[in-house]
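Whatever order the structure lists ligands and atoms in, that order sets their numbers, starting from 1. Scope of the values below: all heavy atoms of this structure, side chains included, with no hydrogens, waters or symmetry mates.
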Amino acid sequence: MSTPVRHYVGGGFDACGDPFPLVDPACGRTVAEVPAASATLVDRAVNAAREALRGPWGAWSPADRSRVLHLVADGIERRFEEFVAAECADTGKPRELAATVDVPRAIANFRAYADLLAGRGEHSWHTGTPDGRGALNYTVRKPLGVVAVISPWNLPLLLLTWKVAPALATGNTVVAKPSELTPSTACLLAEVTAEAGLPDGVFNLVHGEGANAAGQWLTEHPGVDAIAFTGESGTGTSIMRAAADRLAPVSFELGGKNAGLVFADADLDEAVAGTVRSAFTHSGQVCLCTERLYVERPVFDEFAARLAAETRKLDGYGPMISAAHRDKVLGYLTRAAVDGEVLAGGGVPRFGDDRDQGFFVEPTVLAGLSEDHPVVREEIFGPVVHLAPFDTEEEALALANAGPYGLAATVWTRDLARAHRVAPALEVGIAWVNTWNLRDLRTPFGGVKASGIGREGGDHSLDFFSEPMNVCVKL
Ligand code: NAD
Ligand code: 6OD
């Protein structure tokens, strides 16, 4: 590992706290120790962040902040390989994924918000009043204050920076708590923020678990003004309770059970290749991954056979994040094998090397389960997709829109009118047509129903992390 796991509070690194093991999911070995922050350390971090709001940072102009965000991006770029190595070590993901998605997106997150901020400024003007009396109104955008950023283990750096960059862009200070399973790239990020010249206390980092630990202490802390969280929907509920007492605003990106729709007129080559990506990228451990695929009946058998064949060819994939998560995914597969049909995968691969002690699960295609089966209803967050046929567009929409989640969906069709009819009728935050996970960072990102609260991305993030205030001057 490239850097020891340490807290970063008020500009100083610190490894205090009871250590817990950091396990390499690709081989099951403990590779390092992570210090668990005490409640006192969390308190220190929040106080350092509060203090920094009153320091020079509070007087930095948007242009100054934009410049420092670019310097952070430069710093990640300079240490690109260290970031890639740390992300792969913590998650077990293939190098190619970290080097083409996670780390480039972290850089892009800082650059995108630096550029947006520079273009947008912090004042807007409105003159005149409806009744014709003279007044000059202007709106000032102010930071919320101390923001807690709590992130999960699947895309650790990408998802942390997705919130940290706009929070800093808008002048807040941050206390971040990455997942206890993947703390390393956050430590590198702390080093880079210091190298970039971010004043002490503007970015703080504490490690530890969530419930009854650093995560909970942070969200319950009266000095935290807002909470930006990505993770499970159930955790969102707990955090919302913690925030409710002091009415702290929350932005939540939560779980999903994403559906895909393949119409008979789709380009099946594209739909099969696209579904392999959408179901099995990072072994299904991306919140946007397709776990339910509905295929129009005339092409169902052909599609299922081709998807299963392509799935069997997959190799070089990464493990589940932990033994516990592997066991959870395998539990679903055991039930699916009894109640339905396994078209590809379904078990644990054997490699004949170290990886046999890791937490791998085969990419798996299932069919034949009822819509109320737990495999079809619950988020699995593993390399598992279930196929079912449909007969009409209305039925396809009803199937896709069922269930408690509403994060993302894919539609595969060559019929333009159908695409524009079906995509907006999906109850999700983002629908892709003939593609998956094609991202423009200026667009709204988030979920409906149990998949989230609020939207991030572009101006949506800058709006969440700042508060507009109106000043009215009578002329
Ligand atoms: P998780 O909710 O278990 O943990 C996420 C973070 O919250 C971790 O840092 C954890 O320590 C912390 N945490 C846990 N309990 C807490 C509590 N009571 N108070 C405060 N903090 C607490 O999620 P995970 O297992 O790390 O991530 C997988 C989940 O995240 C899946 O459900 C996935 O769909 C979701 N996810 C959603 C998105 C999105 O954009 N919608 C993106 C990535 C992951
Ligand atoms: O692309 C993004 O901005 C984003 N937040 C992706 C989330 C992926 C979930 O695992």
Side-chain angles (χ1 to χ4, degrees), residues 20 34 36-37 42 91 93 101-102 104-106 108-109 112-113 148-163 165-166 176-183 186 205-221 224 227-243 250-258 281-282 284-289 291 320-322 324-325 328 378-382 405-408 428-430 432 436-458 460-461:
F20 60 88
V34 182
V42 170
T91 60
K93 67 176 62 174
V101 178
D102 299 69
R105 250 305 293 277
N109 286 343
Y113 288 108
V149 174
I150 300 190
S151 50
W153 49 260
N154 62 326
L155 306 170
L157 184 67
L158 187 163
L159 292 171
L160 181 72
T161 54
W162 178 238
K163 297 180 187 313
K177 199 218 68 77
S179 168
E180 59 275 22
L181 301 174
T182 54
L205 174 65
V206 293
H207 297 286
E209 297 190 338
N212 303 310
Q216 185 176 329
W217 299 329
L218 188 55
T219 56
E220 286 174 350
H221 199 292
V224 167
I227 301 167
F229 166 73
T230 302
E232 285 187 9
S233 301
T235 309
T237 303
S238 306
I239 291 179
M240 207 164 171
R241 281 203 187 99
V250 296
S251 179
F252 283 171
E253 294 181 348
L254 307 175
K257 184 72 183 176
N258 308 309
T281 294
H282 192 20
Q285 299 170 114
V286 178
C287 61
L288 306 163
C289 278
E291 294 196 3
M320 301 294 92
I321 191 65
S322 63
H325 189 50
K328 176 184 153 189
E378 295 170 12
E379 181 183 48
I380 298 177
F381 218 55
Y405 294 107
L407 186 54
V428 291
I430 184 163
W432 280 288
W436 175 75
N437 204 10
L438 183 58
R439 295 278 291 111
D440 176 333
L441 305 190
R442 296 165 300 183
T443 57
F445 183 93
V448 303
K449 301 196 275 186
S451 289
I453 295 182
R455 290 292 176 274
E456 297 187 9
H460 305 277
S461 292

**Q** Show me which atoms of ligand 1 lie under 4.0 Å from any heavy atom of E180.
**A**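 Reading through ligand 1 atom by atom, the close ones are 10 (C), 11 (O).
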**Q** Checking side chain to side chain donor-acceptor pair (under 3.5 Å) for the pair E456/S251: CA distance, chi angles, key distance, verdict?
**A** CA-CA 8 Å; E456 297 187 9; S251 179; 2.5 Å; yes
**Q** Mind checking whether G447 has a heavy atom under 4.0 Å from ligand 1?
**A**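 In this structure, G447 fails to qualify as a contact of ligand 1 - no heavy atom is under 4.0 Å.
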**Q** If I apply the N/O under 3.5 Å rule, does R439 come out as touching ligand 2?
**A**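 In this structure, R439 places an N or O atom under 3.5 Å from an N or O of ligand 2.
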**Q** Return yes when G452 approaches ligand 1 closer than 4.0 angstrom through a heavy atom, no otherwise.
**A**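 No, that is not the case, since the closest heavy atom of the residue is not under 4.0 Å from the ligand.
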**Q** Would you kindly specify which portion of L159 sits under 4.0 Å from ligand 2, judged on non-hydrogen atoms: side chain, backbone, both or neither?
**A**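 It is the side chain that touches ligand 2; the backbone stays farther off.
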**Q** Assess P178 for proximity to ligand 1: is some non-hydrogen atom of it under 4.0 Å away?
**A**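 Yes.
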**Q** Record the part of Q285 in heavy-atom contact with ligand 2 below 4.0 Å; permitted values are side chain, backbone, both and neither.
**A**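 It is neither part, as no heavy atom is under 4.0 Å.
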**Q** To which of S151, G446, A450, A242 does the heavy atom nearest atom 9 (O) of ligand 1 belong?
**A**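 Comparing heavy atoms across S151, G446, A450, A242, the nearest one to atom 9 (O) of ligand 1 lies in S151.
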**Q** Side chain, backbone, both or neither: which part of V286 has a heavy atom under 4.0 Å from ligand 2?
**A**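 It is both backbone and side chain that touch ligand 2.
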**Q** Select one of side chain, backbone, both or neither to describe which atoms of T230 lie under 4.0 Å from any atom of ligand 2, heavy atoms only.
**A**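 Near ligand 2, T230 shows nothing, with every heavy atom at 4.0 Å or more.
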**Q** N/O of C287 under 3.5 Å from N/O of ligand 2, yes or no?
**A**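 Yes, since at least one N or O of C287 sits under 3.5 Å from an N or O of ligand 2.
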